[in-house]
Amino acid sequence: MAADEGLLLNISEDWNLPGFPHPEHKKFPRSFRVKERRGIPKEGKSTKRKFQGASEGPPPKRKNEISLLPGKKTNVKEVERTGKGKPEGLISPKKHSAVQTNERQAERPFIKTSSLFKNNPEIPEIHRAMVKQVQEKVFTSDSFHELGLHPHLISTINTVLKMSSMTSVQKQSIPSLLEGRDALVRSQTGSGKTLAYCIPVVQSLQAMKLRVQRSDGPYALVLVPTRELALQSFDTVQKLLKPFTWIVPGVLMGGEKRKSEKARLRKGINILISTPGRLVDHIKSTKNIHFSRIQWLIIDEADRILDLGFEKDITVILNAINSECEKRQNVLLSATLTEGVARLADISLHNPVSISVSDETCDQHIKGCKAARGDGHLQTSAEPDSFAVPEKLQQHVTLVPSKLKLVTLAAFILGKCEFETNQKLIVFFSSCELVEFYYHLFLQTLLSSSVAPASGQSPSASSRLKFLRLHGNMEQEERTAVFQEFSQSKSGILLCTDVAARGLDLPQVTWIVQYNAPSSPAEYIHRIGRTARIGCHGSSLLILAPSEAEYVNSLASHKINVSEIKMEDILSILAMDDRFKGRRWGNKKSRSVGPQEIRERATVLQTAFEDYVHASAEKVSWAKKALQSFIRAYATYPKDLKHIFHVRSLHLGHVAKSFGLRDAPQNLSASLGSKKKSKLKRPNPHKKTQSKHCLAEILRSEYSSGMEAVDAKVKKQNKHRKPRNHTLQN
Ligand SMILES: Nc1ncnc2c1ncn2[C@@H]1O[C@H](COP(=O)(O)OP(=O)(O)OP(=O)(O)O)[C@@H](O)[C@H]1O
């Protein structure tokens with residue numbers, strides 16, 4: 001099953017070679033041969049723009065150039081591609097004699113074309129009126145002095161954290177929390193929510209009449225969804241506690257030996273920061289953990305934690321706390337605290353204050369907050385489920401046919417990191433397998449001699465490419481090392497899953513790239529929120545297939561604007577990099593290359609990827625596994641996005657290209673199984689719980705406690721039990 005014409009030939013202007021039927025016509029299994037949907041936004045007006053590379057005829061001048069090359073009019077040598085077990089570079093028997101008889105041509109180097117620019121779906125034009133984004137003012141002119149905090153705490157904020165004025169969310173939250181109120185706090189990403197809860201916790205604990213003793217155990221429990229966020233929050237609390245040495249903070253996050261965590265718990269931790277999974281492990285196995293003195297329960301990224309995946313863990317934790325302590329302050333925070341989460345929280349929160357920073361004036365907000373105090377519901381001045389986006393965050397989208405996705409991402413990375421300075425990129429993928437795959441692929445191709453620097457090009461260009469990766473299947477030691485390395489570096493590219501989407505405060509990130517679309521607009525907000533933090537500038541790029549273009553409208557319905565960057569503009573960066581120069585362009589100056597050469601350069605780059613992947617059967621199988629993982633993740637988009645992201649709209653042959661595969665793997669459809677295929681075709685409403693469970697399992701693996709191996713047996717047993725009623729009880 002060829003993904004394209006499957007030819008080795010000298011690059012020709014004519015990408016449509018006769019006698020080689022395109023696989024679209026007959027080669028794909030029915031379930032994957034569905035046409036790419038045109039992706040015309042439902043609500044917005046949209047016209048289609050034909051992607052120029054597809055069937056564009058060569059300009060007359062260039063046609064002349066063909067005669068200098070072995071194009072089809074000049075005895076083109078066509079060499080069979082090697083996809084089906086033939087050794088690489090094997091010459092088609094049919095054409096062999098022709099090759100032998102033309103010595104001059106035989107000396108010419110071959111460049112494998114991938115027909116990247118043929119038979120792609122049309123790219124729809126995005127014509128959509130801009131929505132008015134929800135904006136928030138980050139800073140206030142008020143200083144921390146106005147809060148009546150302990151002077152040592154103020155001086156720590158000023159001198160250790162080097163902060164003088166409060167952010168809007170801090171100004172609104174800290175006084176209410178110091179009054180002893182429960183609270184729901186929503187403010188945009190990177191607006192200082194961590195200190196908005198840490199300062200009141202530290203202030204209240206240091207002021208206790210009976211001095212906090214280490215052996216008292218936890219007074220405050222902070223739940224966060226990932227280990228890196230746990231470390232980060234711990235770091236902030238630790239800094240704030242500098243003058244109050246008798247209050248001991250601690251973090252439980254997996255990756256560390258359970259025994260040593262137990263020992264730390266036994267000694268005593270007063271402000272305990274943990275991921276839900278790890279805490280549950282200790283509740284179940286550690287006798288020394290008790291919650292009788294708990295005064296604060298903070299759930300950061302509350303919508304994530306109260307969502308799928310953490311359900312059981314949260315129930316265990318809340319039951320454990322509720323059985324030991326009667327009264328405490330509860331605080332829920334997130335940039336995307338929706339009404340749904342608020343309703344869930346209503347059950348447990350006592351007369352909460354609802355804090356939502358938005359584009360209204362602070363005064364109006366305070367009025368809004370006061371109004372909310374009466375009934376405890378989350379009230380926002382903005383429409384429900386519309387999210388604030390940092391003012392200085394420039395959001396972009398690019399529509400890229402599946403075949404061209406890999407080269408477009410590579411060109412984007414090269415453009416930013418080779419030709420600009422101090423660029424720090426985070427690239428999001430939908431699974432751990434994808435991160436691993438692209439990480440190694442980029443290391444071995446973009447950094448290695450397979451795309452060797454052309455003579456005259458500075459070798460430092462590729463040494464500017466520093467790739468790192470972060471996902472839930474890595475050893476904790478490596479995860480922490482990567483997190484710290486990327487935090488401290490001025491440039492680099494972090495390939496990651498959504499494990500890095502929430503809460504992480506990685507300084508000076510310039511670009512967020514979403515190679516796979518997120519599972520919800522809320523996750524979109526969190527991913528892009530890793531840049532443009534605390535009033536800084538930043539940019540984001542969402543890469544969508546033409547069939548996924550409607551996602552732009554889905555974002556708009558949450559008051560999110562994205563502006564389009566044309567794929568051709570991203571690819572044009574290849575003009576700057578002579579490593580990808582097609583042979584026939586000789587000494588032509590890089591900067592004056594036209595669209596045809598850009599396409600050829602993109603093909604050279606794609607060929608480098610394909611050559612790497614097809615260098616061994618092992619690598620091909622690895623790429624297939626990554627492709628399979630992509631399809632599996634694609635099948636888990638929630639119901640409300642299924643009309644945009646449906647496995648049936650994937651063209652397997654085209655998608656395979658983005659994994660460096662020349663062929664659409666035959667055994668992939670087989671391995672999905674006929675049962676599964678039919679399930680994908682027609683989602684069964686009665687199987688909703690099952691697919692929810694499946695999604696939960698995927699999310700769980702991303703946000704794991706690190707003890708899955710130990711607990712796998714227990715989980716397997718629990719799997720068949722009825723899930724417990726999930727309510728937050730006081
Ligand atoms: N008052 C302040 N003045 C200056 N910098 C601040 C202030 N408050 C917080 N910051 C800094 O702003 C950055 C973002 O803060 P934080 O991580 O708490 O944001 P957040 O709102 O929790 O973001 P997210 O929603 O992504 O979790 C951090 O680097 C933090 O140190």
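Read the numbers this way: they start at 1 and go in the same order the structure lists the ligands and their atoms. Just so you know, residue 1 is the first one in the sequence shown, and it goes up from there.
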message = Can you check which of Arg186, Lys193, Lys239, Gln170 brings a heavy atom nearest to atom 25 (O) of ligand 1?
response = Lys193

task = Give the single entry among Lys162, Arg502, Arg533, Met163 that approaches atom 30 (C) of ligand 1 most closely by any heavy atom.
result = Met163

query = Between Gln232 and ligand 1, does any nitrogen or oxygen pair lie at a separation below 3.5 Å?
reply = no

inquiry  = Give the atom numbers and elements of ligand 1 that come within less than 4.0 Å of a heavy atom of Glu301.
reply    = 27 (O)

task = Might you confirm whether atom NE2 of His150 has over 12 heavy atoms from other residues, nucleotides or ligands at distances under 6.0 Å?
result = yes

request  = Could you label the plane-to-plane angle of the Tyr551 and Phe645 rings as parallel, tilted or perpendicular, counting under 30° as parallel and over 60° as perpendicular?
outcome  = perpendicular

task = Check the angle between the aromatic planes of Tyr634 and Phe630 and answer parallel, tilted or perpendicular using the 30° and 60° thresholds.
result = tilted

query = Side chain or backbone of Thr189 under 4.0 Å from ligand 1, or both, or neither, by non-hydrogen atoms?
reply = both

Proximal ligand 1 atoms for Arg530, defined as those under 4.0 Å from one of its heavy atoms = 26 (O)

request  = Would you indicate which of Ser187, Ser164, Gly192 comes nearest to atom 19 (O) of ligand 1 when only heavy atoms are counted?
outcome  = Gly192

query = Any idea which atoms of ligand 1 are less than 4.0 Å away from a heavy-atom of Phe139?
reply = 2 (C), 3 (N), 4 (C)

key: ligand 1 versus Thr194: contacting region, heavy-atom distance under 4.0 Å   = both

query = ligand 1 versus Tyr197, non-hydrogen atoms closer than 4.0 Å: side chain, backbone, both, neither?
reply = neither

task = Report, in ascending order of atom number, the atoms of ligand 1 lying under 4.0 Å from any heavy atom of Thr167.
result = 1 (N), 2 (C), 7 (C), 8 (N)

task = Grab the two heavy atoms, one from Gly503 and one from Arg533, that are nearest each other, plus how far apart they are.
result = O-NH2, 3.9 Å

task = Would you mind running through ligand 1 and noting each atom that sits below 4.0 Å from a heavy atom of Gln188?
result = 21 (O)

request  = Could you list which atoms of ligand 1 come closer than 4.0 Å to a heavy atom of Phe144?
outcome  = 1 (N)

